[in-house]
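Lettering of chains follows the sequences in order, A, B, ..., and the numbering in each one begins at 1.
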Amino acid sequence: MAARPDLRPYAREVARIVAEIVKEVNSLPLEKQKQLLEKEYSWVIEARKQKEEREKTLPPLPGAEEGKVVTRFAPNPDFAIHLGNARPAILSHEYKVMYKGKLILRFEDTDPRTKTPLPEAYELIRRDLKWLGIEWDEEYIQSLRMKTYYDIARKLLEKGCAYIDDLPSQEYKRYRDKGLLEKYPPRLRGIEENLELWDKMLEGHFAEGEAVLRVKTDPNHPDPSIRDWVAFRIIDTGKHPHPLVGDRYVVWPTYNLAAGVDDHLMGVTHILRAKEHMQNTEKQKYVYKCLDWKYPEVMHFGRLKLEGFVMSKSALKKLYEAGTASGIDDPRFATIAGLRRRGFTAEAIRKLILEVGVKYTDASISFANLAAINRSIIDPRAKRIMAVIDPVPVLVEAIPWKEEVFEIPYHPNGKLGSRKITVKGPQATIYVSSSDLETMERNKVIRLMEAFNIEIIDTGRKPIKAKYHSRSLDEARKHNAPIIQWVVAEHATPLELVVPEGLELRREHGFAEEAAKSLRRDEVVQLVRIGFARIDAVESDEEGNVRNIVAIFSHE
RNA sequence: GCCGCGGUAGUAUAGCCCGGCCAAGUAUGCGGGCCUUUCAAGCCCGUGACCCGGGUUCAAAUCCCGGCCGCGGCACCA
């Protein structure tokens with residue numbers, strides 16, 4: 001009906017005919033229906049296929065032209081970035097690529113008092129962005145652009161769009177809340193006087209809280225926070241020095257002034273930001289209007305939560321500063337660094353963000369969802385390694401060889417090479433996971449994965465008593481033998497598996513097979529029947545012998 | 001309280017602008033099966049959603065009104 005609007009007047013009639021035909025088709029046998037569809041209406045099948053093959057892409061950007069799009073990512077360098085910040089960063093980058101435009105990285109560090117920039121954060125953020133595969137074309141640091149903001153302030157004052165307020169803030173609020181802002185004395189000041197006061201501010205005549213520069217807005221705007229908002233305030237940088245510019249400036253622009261001005265000056269065409277900035281857009285527009293600038297297109301989106309993780313920047317910061325975390329990359333953190341340390345790939349994070357898209361609503365990402373995306377990326381390249389947790393020794397007797405070497409591929413797809421495991425006879429001690437004890441009590445015959453079968457004699461002892469049973473997999477199947485991972489005691493390498501669980505870090509101890517010694521830091525492996533883990537450290541003694549391996553559990 | 005934005009399965013998302021190809025698609029989760037020298041991967045089957053109530057219309061997830069719920073903002077923070 002959408003395709004044939006000419007039929008609309010006959011809707012009732014058409015509906016009747018359609019119903020008849022549907023009835024007729026349904027009366028045919030299923031096979032006949034299929035045949036008919038393929039023969040006469042193959043285009044229907046084709047169309048379905050095409051629809052299915054369409055890949056998930058971002059919606060088009062309003063008013064965007066290829067080659068002319070400029071986006072920006074503007075973090076506050078008071079901490080490292082986390083998954084929530086990654087959203088605007090990834091989306092901005094994605095749109096830049098989509099439209100062959102530019103991406104600007106801008107550090108918004110104009111509050112040395114309450115959001116004191118962390119000196120190392122600038123570099124941490126750059127590193128995390130690079131790791132995410134984000135490439136930016138220009139970079140700015142706001143604390144290094146103070147003169148620009150001062151020039152704008154002067155312009156606003158000259159045009160009568162702003163004024164200096166040197167009364168106590170309670171006084172301002174009194175006028176504002178009574179709806180008398182139009183009669184607020186500082187607001188009525190002449191341009192010359194404002195400019196003089198501005199110079200005094202810059203020269204340091206005022207202390208913190210004694211004077212601000214306000215932008216004139218609709219004095220009766222329904223949202224009181226928008227009315228004559230503060231664009232510049234005084235910060236005592238003697239007490240709160242800025243990590244980059246120390247105490248060079250005392251007059252500091254607020255977020256709305258600095259960001260608003262920069263977006264125009266840097267030629268930003270599209271702003272992608274979280275919805276807490278919605279009101280800010282409105283504030284900034286007063287500056288734009290005064291200076292006759294065009295406001296960029298803005299897209300707002302909701303918050304992102306990752307199930308089981310601490311997301312709030314302030315909470316993360318608190319834990320970090322309290323020293324209870326192992327660093328900004330603590331695997332319990334949803335920081336980019338934390339997720340990386342836990343074994344999540346940049347590609348998985350990107351896919352997740354693209355999947356969530358640009359909706360207004362908040363999204364609580366389930367951990368299973370992120371894990372599934374990550375799994376599909378790491379599974380083909382993760383070596384399979386056998387490890388046992390909370391190890392239990394098993395003494396296997398009557399082994400019919402002196403020494404046997406088992407060559408086992410690192411991956412069932414056969415593409416990652418293989419390693420050798422040597423088992424000596426006539427008896428050998430191996431370790432299994434304590435979680436497999438129950439299995440061994442229930443089943444007489446057990447297959448040691450990729451090797452041979454053993455018969456359990458006595459689980460009541462330590463070590464558990466067992467004897468060689470047979471070699472082949474077929475034999476194992478015949479006995480319905482469960483297949484478990486195992487580690488030869490002689491070559492067992494101590495393994496510490498760190499399992500993040502909410503705000504807890506559980507440490508499990510066990511052994512990994514000898515081949516684990518050749519693993520490198522950052523490598524992501526699959527601990528067979530346990531799950532994926534990232535190698536966090538391979539610790540050696542002075543002679544270079546591996547003494548301990550630390551792995552961080554990623555997900556199943 | 002005031003201002004602003006939303007509400008599709010357990011989770012995420014498509015569809016909403018432009019009403020009919022939607023008895024609502026996809027991914028993940030969950031249940032079952034096949035396959036498999038892993039509890040991984042792969043394959044098959046199943047499960048499960050349009051916040052509620054009215055209205056407009058031949059036809060509403062889609063448009064209109066009311067309600068409910070959630071989120072954001074209400075700083076000399078960003």
Side-chain angles (χ1 to χ4, degrees), chain A residues 1-5 7-16 18 44 47-48 51-52 54 56 74-78 108-111 113-115 142 165 169 172 208-214 221-227 229-235 252 254-256 258-259 273-280 282 300 302-304 307 313 351-352 354-357 359-373 375-376 378-380 382 384 386 408-409 411-413 435 447-451 453 472-474 476-477 481-485 526-532 556:
Chain A
M1 203 60 85
R4 293 284 303 273
L7 290 177
R8 264 184 205 173
Y10 315 103
R12 216 183 280 263
E13 185 67 2
V14 171
R16 197 183 55 77
V18 168
V44 175
R48 289 253 157 153
K51 204 172 181 182
E52 273 170 29
R54 219 169 37 200
K56 164 91 192 173
N76 180 334
D78 64 340
E108 307 207 320
D109 54 351
T110 60
D111 183 5
R113 185 178 46 202
T114 49
K115 288 210 173 160
Q142 290 190 323
D165 176 1
S169 61
Y172 163 79
E208 262 185 32
E210 286 182 2
V212 294
L213 182 148
R214 290 184 183 278
H221 194 283
D223 183 344
S225 82
I226 286 177
R227 296 178 205 156
W229 55 273
V230 172
F232 289 87
R233 80 292 207 194
I234 287 161
I235 293 172
W252 286 85
T254 58
Y255 164 78
N256 277 303
R273 52 156 89 121
K275 65 181 175 187
E276 60 258 31
H277 291 291
M278 277 181 169
Q279 271 75 9
N280 292 327
E282 214 175 330
H300 293 285
R303 281 185 166 207
L304 217 56
E307 177 196 281
K313 206 190 219 181
K351 271 193 177 165
L352 179 80
L354 292 189
E355 200 177 296
V356 175
K359 288 222 310 185
Y360 283 105
T361 40
D362 293 351
S364 308
I365 308 298
S366 75
F367 183 75
N369 226 306
L370 211 210
I373 297 173
R375 188 183 303 122
S376 70
I378 61 178
D379 183 81
R384 269 51 176 172
M386 292 200 284
I408 306 172
H411 195 288
N413 69 14
S435 58
R447 178 162 184 82
L448 301 179
M449 189 188 276
E450 301 270 9
N453 313 318
S472 75
L473 180 61
D474 286 343
R477 291 212 174 107
I483 299 165
I484 66 168
Q485 81 277 21
Q526 188 196 76
L527 301 176
V528 175
R529 300 210 305 142
I530 296 171
F532 293 93
E556 287 187 343

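A:Pro412 comes within contact range of at least one nucleobase, with a heavy-atom separation under 4.0 Å.
Listed candidates were B:A78, B:A40, B:A27. Nearest to the side chain of A:Tyr255 is B:A78.
As rounded to whole Å, 11 Å separates atom C1' of B:U36 from atom CE of A:Met449. The nearest whole Å value for the distance from the CD1 atom in A:Ile483 to the C1' atom in B:U37 is 4 Å. Rounded to an integer number of Å, the gap from CD of A:Glu355 to C1' of B:G25 is 14 Å. Rounding to whole angstrom units, CD of residue A:Glu307 and P of B:G29 are separated by 12 Å.
Residues A:Arg384 and A:Asp379 are paired through a salt bridge, judged by an N-O separation under 4.0 Å between the basic side chain and the carboxylate. Between A:Glu208 and A:Arg113 there is a salt bridge, since a side-chain N of the basic residue sits under 4.0 Å from a carboxylate O of the acidic one. Look at A:Asp362 and A:Lys275 and you find a salt bridge, because one of the NZ, NE, NH1 or NH2 atoms lies within 4.0 Å of a carboxylate O, short of that distance.
Defined by atom type and a distance below 3.5 Å, a donor-acceptor pair is present between the side-chain atoms of A:Asn413 and A:His411. No side-chain donor-acceptor contact under 3.5 Å links A:Glu276 and A:His300.
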Would you give a per-nucleotide map of nucleotides 69-76 of chain B, 5' to 3', where B means the base has a protein non-hydrogen atom under 4.0 Å away, S means only the sugar-phosphate does, and - means neither?
--SBSS-B
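Between A:Arg375 and B:A41 there is a side-chain polar atom (N or O) within less than 4.0 angstrom of OP1 or OP2. Taking side-chain N and O atoms only, A:Arg227 has no distance below 4.0 Å to OP1 or OP2 of B:C3.
At a cut-off of 3.5 angstrom, counting only N and O atoms as typed in the model, there is a donor on one side and an acceptor on the other between the side-chain of A:Arg384 and the base of B:A40. Contact annotation: side chain of A:Gln526 to base of B:U38, donor-acceptor pair present below 3.5 Å.
Figure legend: A:Arg214 and A:Phe232 shown without cation-pi pairing, the cationic atom not lying both under 6.0 angstrom from the six-membered ring centre and within 45 degrees of its axis.
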Dot-bracket line, read 5' to 3' along RNA chain B, where crossing pairs take [ ] and | marks a partner on another strand, Watson-Crick or G-U under 3.5 Å
(((((((..((((......[....))))((((((.......))))))...(((((..]....))))))))))))....
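The separation of B:C22 from B:C30, taken at their P atoms, amounts to 29 Å, rounded to a whole angstrom. As rounded to the nearest Å, B:U8 and B:C52 have C1' atoms that lie 15 Å from one another.
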